[in-house]
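Have a look at the structure below, then the notes.
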Amino acid sequence: MSTAWTSRYALRTKGIKGSAIRELLKITQRPEVISFAGGLPAPEVFPVERFQEACHKVLTANGSLALQYGATEGYEPLREMIAQNMARYGIRANVDNVLITSGSQQALDLIGKLLINSGDRVLVEAPTYLGALQAFNVYGVEYVSVPIDEDGLRTDSLEGSLRSGPKFMYILPNFQNPGGTTLAEGRRHELVLLADKYGIPIVEDDPYGQLRYEGEHLPPLIVIDRENLRRDSGYQIGNVIYLSTFSKTLAPGIRLGWIVAPPDVISKFVQLKQGADLHTSTFTQYVAYEVARDGFLDEHVKRIRSVYRERRDVMLHALSELFPPEATWTHPKGGLFVWITLPEGVDCEKLFRAALAENVAFVPGDSFYPRNGHPPRAHMRLNFSNAQPEQIREGIRRLSTAVKTQLHELHATSV
Ligand SMILES: Cc1ncc(COP(=O)(O)O)c(C=O)c1O
């Protein structure tokens, strides 16, 4: 419906459309639907009591500061804690390198604001995080996409795309959303070297890095960048801007993420963030600090890992037991998602509707490709963190019924 406002919308909003699938996903909140659609953490693992105690403590000891406006950069003890935690993964950042954001999603928007002129190219993985596409689209971005396989970004297909002059690359090295894939160590080195060769910086988005269920932690791109290029000691952070968040380790409702970047870039982000929200909630930052301190966060992450590892295993097991042999899927070593590939010709939107009729939901794969890209095959993203193990088994059973029916129809029409 058009109103007096419609004709006044800024040009940059023209290409932004709601999706029919998004609307349908609302149905997935019905209790009878088993949803593998959202990227939601398990609510059972939220440390509610610890939050209760922390709120009480913050309000008692620091109420007047925690309820006041704060610095745009964020609450300093929290930034220090983040810098110390990251040091364990080799990321050498100090407080001046860390900006607290209202979730990583705000960091993506600030990156778009800072770096993207209308018509600029950004190199993304295909598929990639839908929320990043949404954040960048509004700035009039053009995409160059490079495919992923089970070892993450296909660095062998990267050079041609880099020659087309993207402004930056947006990369998800750990347990990619939606692919569930992890960028192999050798490819991490290749990527950083190619970035340096072509002078194209990298935005490394790492919300899931700590949620690893098997294998060894791999070095972040920001670390390889610093080490490989033997930057002199004063220049600790160079070609890579790194993002992470408490959404998957504590709770997404607190909306707390952070950016690691060189101090001059942080200053620029600070100016942009002032225009967006002045600063991230002071109260939430105090509470998160109080919750995470004294080793609680580490212990909590261990608990989450064991809960999610079990759910991943249940899902992978159910898939291999129940899904037809024409389907293949990734084996995520961490994170929240399994990515399923179905034979060419399967219409995932139709499958989505058929699945809803069976009371099970997933996100059709084409949502995760840039708007000008053509997804080559039919894909589904399944989340395994939010449903209980017995629901996962039942959900995969229902989904396999819908998939088999679609495949049957496909075979019938192709005969
Ligand atoms: C890859 C990726 N980046 C960023 C985000 C946004 O996270 P946040 O809750 O911190 O805004 C998500 C959330 O699912 C994500 O998967």
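Atoms within each ligand, like the ligands themselves, are counted from 1 in listed order. Predicted model, so just to flag it, every value in this text is computed and none were measured.
Applying the ring-ring contact (aromatic ring centres under 6.0 Å, His included) test to pairs two or more places apart or on separate chains, those with a residue in residues 164-186 are Phe136-Phe168, Phe136-Tyr170.
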Output, or 'none' if empty, a list of ligand 1-protein atom pairs in which both atoms are N or O and the distance is under 3.5 Å, rounded to 0.1 Å.
| from | atom 1 | to | atom 2 | distance (Å) |
| --- | --- | --- | --- | --- |
| ligand 1 | 3 (N) | Asp205 | OD2 | 2.6 |
| ligand 1 | 9 (O) | Ser247 | OG | 2.6 |
| ligand 1 | 9 (O) | Arg255 | NH1 | 2.9 |
| ligand 1 | 10 (O) | Ser104 | N | 2.7 |
| ligand 1 | 10 (O) | Thr245 | OG1 | 2.7 |
| ligand 1 | 10 (O) | Ser247 | OG | 3.2 |
| ligand 1 | 11 (O) | Ser104 | N | 3.1 |
| ligand 1 | 11 (O) | Gln105 | N | 2.9 |
| ligand 1 | 11 (O) | Arg255 | NH2 | 2.8 |
| ligand 1 | 14 (O) | Tyr208 | OH | 3.4 |
| ligand 1 | 14 (O) | Lys248 | NZ | 2.9 |
| ligand 1 | 16 (O) | Asn177 | ND2 | 2.9 |
| ligand 1 | 16 (O) | Tyr208 | OH | 2.5 |

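In this structure, Ile340 and Phe323 approach most closely via the heavy-atom pair CD1-CE2, 3.9 Å.
Summarising the local packing, CZ of Arg8 is surrounded by 12 or fewer heavy atoms from other residues, nucleotides or ligands at distances under 6.0 Å.
For Asp156, the side chain to side chain donor-acceptor pair (under 3.5 Å) criterion is met by Arg154, not counting sequence neighbours.
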Can you give me every donor-acceptor pair (side chain of residues 61-74, partner residue at least two apart or in another chain, under 3.5 Å) with its distance?
| from | atom 1 | to | atom 2 | distance (Å) |
| --- | --- | --- | --- | --- |
| Thr72 | OG1 | Gln274 | NE2 | 3.2 |
| Thr72 | OG1 | Leu278 | O | 2.9 |

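Glu394 and Arg397 are joined by a salt bridge, as a carboxylate oxygen and a charged side-chain nitrogen come within less than 4.0 angstrom of each other.
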